[in-house]
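Scope of the values below: all heavy atoms of this structure, side chains included, with no hydrogens, waters or symmetry mates.
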Amino acid sequence: EKLEIKKPYLTLVDGSVVYQKFPDKEHAAIVNAANEALLGGGGVDGAIWGEVGEPTGPVEKGVTPGQFKSQCLVLRRKKAQLADGAKNRYRGDTDSFDVGDEKSYVAGEAGLTKAFGKLADSVGYVVHAVGPRGTDTQDKLDKLRDAYKNSLDRANEAGLKVIAFCGISIGLFGGNIDLASPVAIKAIVDWVKDHPASTLDEIRLVTYFGNSNEYPTYKTKLAAEGNI
């Protein structure tokens, strides 16, 4: 399924965001439904860390973290700096693993790191997006919208051509797909309209093949936007 919104295509595919293929992997990113700590978890988050081949969770004393975790820790350190009024570039472009005050991300925020391990064979970057835990209030739906838009910002800032989303907040975070899917699609459509000079050529929504309700639900919501 494909919806053309001026330049980038919004495409819908069924599968797993972890195993997406891209013609130009160095200019592509997948979106990780990360938790607030950015240090791995369950669901797609755990699958991504598994492909990277690094352990999840806090760094053990005396253990040097791998490259992926190091970049996630850099994002946390920069969040701590932001809390103190310092500039935050959201980019994991250093191998430092100084975690500063260990400020966790909050729902709606997103940071960018490179991909490593087996994951780097198929994609260049990972956007770590933190969605709300549930979709039962308007505030949580607003945070979900922000998670999509901030993810697109990170990809655009990096000059990427393709970004592939999983269903943020659906699954372990308990979001209702009927509420989350139109928010996701509208957030993407609105972002594209607001960024006519975006570097993105394709925005991909990847529904999880293990949930038979995801693809038809997103397909129905996409059809409602077909007049754009």
V162/R204 under side chain to side chain contact (heavy atoms under 4.5 Å, CB included): CA gap, chis, key distance, verdict: CA-CA 7 Å; V162 184; R204 195 178 299 179; 4.2 Å; yes
Distance col, row R76:CZ vs H128:NE2, nearest 0.5 angstrom, shows 12.5 Å
How close do D45 and A33 get, counting heavy atoms only, and between which atoms? CB-O, 3.7 Å
Does a donor on one side chain sit under 3.5 Å from an acceptor on the other, for W191 and N156? no
Where is the tightest heavy-atom contact between A29 and V127, given as atom of each residue plus distance? CB-CG2, 4.1 Å
Going by atom types only, do Q20 and S122 share a side-chain donor-acceptor pair under 3.5 Å? no
Heavy-atom nearest pair, A147 first then A110, reads O-CB, 4.5 Å
Is it the case that atom CD in E60 sees more than 12 heavy atoms from other parts of the structure closer than 6.0 Å? no
Group every Ile, Leu, Val, Met, Phe, Trp and Tyr by side-chain heavy-atom contacts under 4.5 Å, then state whether V18 and F209 land in the same group. no
Linking I/L/V/M/F/W/Y whenever any side-chain heavy atoms sit under 4.5 Å apart, do Y208 and V17 land together? no
Can you check whether T113 reaches V74 side chain to side chain, under 4.5 Å on heavy atoms? no
Is there a side-chain contact between V130 and N35 in this structure, where contact means two heavy atoms from C-beta onward sitting under 4.5 Å apart? no
So do the side chains of I188 and L205 get within less than 4.5 Å of each other, counting heavy atoms only? yes
Roughly how far, to the nearest 0.5 Å, is the CG atom of D121 from the CZ atom of F116? 13.0 Å
Quick check on K25: does its NZ atom have over 12 non-hydrogen neighbours (other residues, nucleotides or ligands) under 6.0 Å away? yes
Indicate if L141 and I170 have the same hydrophobic cluster label, given that clusters are the connected sets of ILVMFWY residues with side-chain heavy-atom separations under 4.5 angstrom. yes
First locate atom SG of C72, then atom OH of Y105, and finally report the distance between them rounded to the nearest 0.5 Å. 9.0 Å
Could you walk me through whether C166 and V206 pass side chain to side chain contact (heavy atoms under 4.5 Å, CB included), step by step? CA-CA 5 Å; C166 62; V206 184; 5.8 Å; no
Nearest-0.5 Å distance that lies between atom CG in D24 and atom CG in L160: 9.5 Å
To check you understand the geometry: which heavy-atom pair defines the closest contact between K69 and P58, and what is its length? NZ-O, 4.0 Å
Check: E51 and Y19 side chains under 4.5 Å, non-hydrogen atoms: yes
Lys/Arg N to Asp/Glu carboxylate O, K143 vs D139, below 4.0 Å: yes
Is there a side-chain contact between T135 and I177, using heavy atoms and a 4.5 Å cut-off? no
Of all heavy-atom pairs linking I163 and A155, the shortest is CD1-CB, 3.9 Å
If two hydrophobic side chains count as joined below 4.5 Å and joins carry through other members, does I30 share a cluster with L172? no
Keeping E202 on the side-chain end and P8 on the backbone end, is there a donor-acceptor pair under 3.5 Å? no
Does a side-chain N-to-carboxylate-O contact under 4.0 Å join E36 and R133? yes
Side chains of D14 and T207: do they bring a donor and an acceptor to under 3.5 Å? yes
Would V126 end up clustered with V52 when hydrophobic side chains under 4.5 Å apart are linked, directly or stepwise? yes
Which of parallel (below 30°), tilted (30 to 60°) and perpendicular (above 60°) describes Y148 and F165? tilted
CD-OG distance between E54 and S70, expressed to the nearest 0.5 angstrom: 7.0 Å
In terms of relative ring orientation, are W49 and F68 parallel, tilted or perpendicular, with 30° and 60° separating the classes? perpendicular
Contact check, side chains of D190 and R145, non-hydrogen atoms, under 4.5 Å: no
With heavy-atom distances below 4.5 Å as the criterion, would you say the side chains of K21 and V123 are in contact? no
Is it true that a side-chain atom of E214 and a backbone atom of N211 form a donor plus acceptor pair closer than 3.5 Å? no
Testing the basics here: between G159 and T199, what is the closest heavy-atom pair and its distance to 0.1 Å? C-OG1, 3.5 Å
Quick one: CD1 on I185 to CD1 on I203, what's the gap to the nearest 0.5 Å? 12.0 Å
V183 and L179, any side-chain heavy atoms less than 4.5 Å apart: no
From the options T137, D136, D142, select the one residue that forms a side-chain hydrogen bond (donor to acceptor under 3.5 Å, both in side chains) with K140. D136
Trace of the side chain to side chain contact (heavy atoms under 4.5 Å, CB included) decision for L152 with L200: CA-CA 9 Å; L152 291 163; L200 291 168; 3.8 Å; yes
